[in-house]
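One-based numbering, in listed order, for ligands and for the atoms of each. Residue numbers count from 1 along this sequence.
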Amino acid sequence: MIIDGRLVAQKRLDLVLKQVESSGCQPCLATVLVGEDPGSKMYVRMKHEACEKVHIVSVKADLPATAATGEVITKIMELNQDPSIDGILVQLPLPPQVDASRVIQAVSPEKDVDGFHPCNIGLLYAGTPRFTPCTPKGIMTLLEEYNIPVRGERALVAGRSIDVGRPMAALLLHRDATITIAHSKTRDLKDEMRRADIVVSAIGKPRFITADMVKPGAVVIDVGINYLDGTLCGDVDFDRVKDVAGAISPVPGGVGPMTIASLMENTYMAAMERSCTNVP
Ligand code: NAD
């Protein structure tokens, strides 16, 4: 089974549009982009396009590549205090001179639609999530939409980043999976992976996960966004692994669209919680 992220994302965007229209709210997302990195610019543009589709207002705060940590934080403070802004998204990665963790911690937890603030990560791990990071949230939506059982399954998350690996593991744990988190120091990834019923790969190495590493019938979710000889590909050797896996998400067209759909869901949620609590 090929897991179609574009289809599910469209379904979710349609739902957000309906919710926004019937809420009487006007959610607003602010993006913060530091520098001119073409990939980051493209992601920010895609997020603004998605906002337009679901009738969420979006504003841009673009800063030069030379911006210091203080300047980025000052901009975020302005957005925190602006009552018209519901969600703030800081596009990562930031230029090397900017202290990313200070910037992430400057975002008001109530407007942290990326869910990276330690308060929100803490709430997630406490089992009472507020904003769930968009990529793992989107993956859980895919598993639900495809009725993929999670309870009691062995799940392996490859990668331990704050944006993908760690929150992914927390979400799978909440759904009663038995979790392994693999990372760059894991002794025998193949051995760990061969035992997993569900594999989520967020490593960032092109076609690194090969067919012999996957248990027959396993569900394989590929988060990786890599380029090999100029071609976009995931962490998984899709053409071969699809013959072994029970279900697999492709790159492109798998997790990527879900990340953006989840951002729209989080922004709508932020608006409801901040300014529209009186609206059912
Ligand atoms: P990261 O660089 O922060 O983390 C990579 C992780 O991979 C690290 O935790 C590292 O320990 C682990 N790793 C490296 N080598 C490994 C190995 N041999 N075995 C097991 N683990 C290993 O990256 P990230 O931000 O988590 O992103 C990972 C990938 O996912 C990247 O390709 C990124 O572009 C992509 N990504 C995609 C989306 C999306 O929406 N589709 C969103 C975020 C990230």
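- Within 4.0 Å of ligand 1, protein heavy atoms come from Thr135, Gly159, Arg160, Ser161, Asp163, Val164, His183, Ser184, Leu189, Ala202, Ile203, Gly204, Lys205, Phe208, Val223, Gly224, Ile225, Asn226, Val255, Gly256, Thr259.
- Atom CZ of Arg240 has 12 or fewer heavy atoms from other residues, nucleotides or ligands within 6.0 Å.
- Atom CD of Glu49 has more than 12 heavy atoms from other residues, nucleotides or ligands within 6.0 Å.
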Open item on the list: Between Asp82 and Ser84, is the side-chain hydrogen bond (donor to acceptor under 3.5 Å, both in side chains) condition met? List the steps.
Closed with: CA-CA 5 Å; Asp82 183 340; Ser84 70; 2.7 Å; yes
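- Counting only residues at least two apart or on different chains, the side chain to side chain donor-acceptor pair (under 3.5 Å) pairs with a member in residues 147-158 are Arg151-Asp176.
- Using a cutoff of 4.0 Å between basic side-chain nitrogens and carboxylate oxygens, Arg130 and Glu110 are scored as salt-bridged.
- Under the 4.0 Å criterion applied to side-chain N and carboxylate O atoms, Asp14 and Lys18 are not assigned as salt-bridge partners.
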